[in-house]
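Below is one structure; the comments refer to it alone.
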Amino acid sequence: MERKRRQPLYDQLVDLLKEQIENELKPHAMLPSERELSEKYGLSRTTVRLALQELEKMGYIYRQHGKGTFVSSISQEVTNLTGGYSFTEQMRSLGKEPVTTILEFRIVEANKFFAEHLNLSLGEKIIKIKRLRSADGLPMMVERSYLPYKKFMTMKREDLEVKPLYDLFAEDYGETIKLAEEEFYASIVSDNDAKQLDVPYSAPSLNLVRTTYNIKNEVIEFTLSVARADKFRYKVRHVR
């Protein structure tokens, strides 16, 4: 491998492997072992290990204990999370069949954090909904949504099992969405979410924080989502 003075060796290997993943290798193809990569490119095992760790953080590869390291499908299936805030619509636009599993539905009292984000008083009732979002049978995202109880007090768990949340907003409660603000940040999947998403513990994740407003500028939803880093990339298109 050509050694450039200013670029660390593991960065060079990251760039090389990323180019191969994007242009040559198929999703879920097995990568050579650390030893094989070390011998092929004349690099130390430590350098190879650092490069693989970086690629894993970026979502280009994933590891299976006792089996090896594999190419993720991130390079072929990029979800533009800014294109719309409906998971169901996003997956259908990619030709996938979305499935939502309701993991939790209960009424709780708003603590300071949720009261502030929903513009409610401390202790007001809110609805907590935890959902597992899958596409073509593959777990993709864990969503925890919080709604003001006073606006959706007749909502039941069974309603969400037959109709998407945003359809319920519009069709059952007359709530028209005016704006949804989203923030994105990289993180590590918690042990509990790792089980739900069927990914290794401490796997990289893309976390989303969404606040949804109706036409009266009232907050009707506050959602915290944990998405698999190997299935989602944050893409923004700037037009001048």
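Residues take their numbers from the sequence shown, with the count starting at 1. Note that the structure is a prediction, hence the values are computed from the model and not measured.
Of the possible polar contacts, none joining the Tyr60 side chain to the Leu52 backbone as a donor-acceptor pair under 3.5 Å is found. Using modelled atom types, no side-chain atom of Thr223 and backbone atom of Arg210 make a donor-acceptor pair closer than 3.5 Å. A donor-acceptor pair under 3.5 Å is absent between the side-chain atoms of Ser134 and the main chain of Gly137, judged by distance alone. Between the side chain of Asn111 and the backbone N or O of Phe114 there is at least one donor-acceptor pair closer than 3.5 Å.
Of all heavy-atom pairs between Lys112 and Leu122, the closest is N-CD1, 3.3 Å. Contact record, Ser121 with Ala110: O-CB, 4.4 Å, taken as the closest heavy-atom pair. Considering every non-hydrogen atom in both Ala194 and Val189, the closest pair reads N-CG1, 3.2 Å. Taking both residues in full, the closest heavy atoms of Phe169 and Leu147 are given as CZ-CD2, 3.9 Å, listed atom of the first, atom of the second, then distance. In this structure, Pro148 and Ile220 approach most closely via the heavy-atom pair CD-O, 3.4 Å. The two residues Leu208 and Ala227 come nearest to each other via the heavy atoms CD1-CB, 4.1 Å.
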Report task. Would you please test Val48 and Arg35 for side-chain contact (heavy atoms from CB on, under 4.5 Å) and show each step? Result -> CA-CA 8 Å; Val48 171; Arg35 179 182 59 80; over 6 Å; no

Requested in this report: Take Glu143 and Leu224 through the test side-chain contact (heavy atoms from CB on, under 4.5 Å) and record every step on the way to the result.
Outcome: CA-CA 6 Å; Glu143 285 189 339; Leu224 305 172; over 6 Å; no

Query raised in the report: Yes or no on side-chain contact (heavy atoms from CB on, under 4.5 Å) for Ile129 and Met155, after CA distance, side-chain angles and deciding distance?
Result: CA-CA 11 Å; Ile129 304 167; Met155 186 179 293; 4.3 Å; yes

Report task. Kindly determine whether Leu206 and Phe184 satisfy side-chain contact (heavy atoms from CB on, under 4.5 Å), including the steps that lead there. Result -> CA-CA 7 Å; Leu206 179 63; Phe184 307 85; 4.2 Å; yes

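In summary, the side chains of Ser225 and Arg144 do not present any donor paired with an acceptor at a separation below 3.5 Å, with no hydrogens or angles considered. Counted by atom type alone, Asn192 and Ser190 present zero donor-acceptor pairs between their side chains at under 3.5 Å. In this model, no donor atom of one side chain and acceptor atom of the other lie less than 3.5 Å apart for Glu221 and Tyr213. Using a 3.5 Å distance cut-off with no hydrogens or angles, the side chains of Thr100 and Arg133 do pair a donor with an acceptor.
Within the model, atoms CZ of Phe70 and CG of Leu31 stand 9.0 Å from one another, a figure rounded to the nearest 0.5 Å. To the nearest 0.5 angstrom, Met141 atom CE is 11.5 Å from Asp193 atom CG. Rounding to the nearest 0.5 Å gives a distance of 12.0 Å between NZ of Lys130 and OG of Ser145. Rounding to the nearest 0.5 angstrom, the gap separating the OG atom in Ser205 from the CD1 atom in Ile188 is 6.5 Å. Tyr166 contributes atom OH, which lies 14.5 Å from atom CD of Glu171 (distance to the nearest 0.5 angstrom). Rounded to the nearest 0.5 angstrom, Ser187 OG and Asn207 CG are separated by 4.5 Å.
Considering only heavy atoms from C-beta on, Leu132 comes within 4.5 Å of Leu197 through its side chain. Residues Leu17 and Leu55 meet the side-chain proximity criterion, which asks for heavy atoms closer than 4.5 Å. Residues Arg45 and Leu37 have side chains not in contact (no heavy-atom distance under 4.5 Å, counting atoms from C-beta outward). Residues Lys125 and Val108 have side chains not in contact (no heavy-atom distance under 4.5 Å, counting atoms from C-beta outward). Contact annotation: the side chain of Asn214 never approaches that of Thr176 to less than 4.5 Å [non-hydrogen atoms, C-beta and beyond]. Using a 4.5 Å cut-off on side-chain heavy atoms (C-beta onward), Tyr41 and Leu9 make no contact. Between Glu182 and Val209 there is no side-chain heavy-atom pair separated by less than 4.5 Å. Looking only at side-chain heavy atoms (C-beta outward), Phe222 and Thr212 stay at 4.5 Å or farther from each other.
The aromatic rings of Phe113 and His117 sit tilted, their planes meeting at an angle between 30° and 60°.
Note on Val199 and Ile61: separate hydrophobic clusters, where clusters join Ile, Leu, Val, Met, Phe, Trp and Tyr whose side-chain heavy atoms are under 4.5 Å apart, directly or indirectly. At a threshold of 4.5 Å between side-chain heavy atoms, the hydrophobic network of Ile, Leu, Val, Met, Phe, Trp and Tyr places Val142 and Ile102 in two separate groups. The hydrophobic cluster containing Leu165 does not contain Val99, counting ILVMFWY residues as joined when their side-chain heavy atoms lie under 4.5 angstrom apart, directly or transitively. Connection of Val226 to Leu103 is established within a shared hydrophobic cluster, with ILVMFWY side chains joined at heavy-atom distances below 4.5 Å, either directly or through further cluster members.
More than 12 heavy-atom neighbours from other residues, nucleotides or ligands sit within 6.0 angstrom of CD on Glu104. The number of heavy atoms from other shown groups lying within 6.0 Å of CD (Glu19) does not exceed 12.
We find that Lys151 and Glu175 are joined by a salt bridge, their nearest charged nitrogen and carboxylate oxygen being less than 4.0 Å apart. With respect to Arg157 and Glu161, a salt bridge is recorded, a charged nitrogen being found less than 4.0 Å from a carboxylate O. A salt bridge links Asp172 to Lys163: at least one charged side-chain nitrogen sits closer than 4.0 Å to a carboxylate oxygen.
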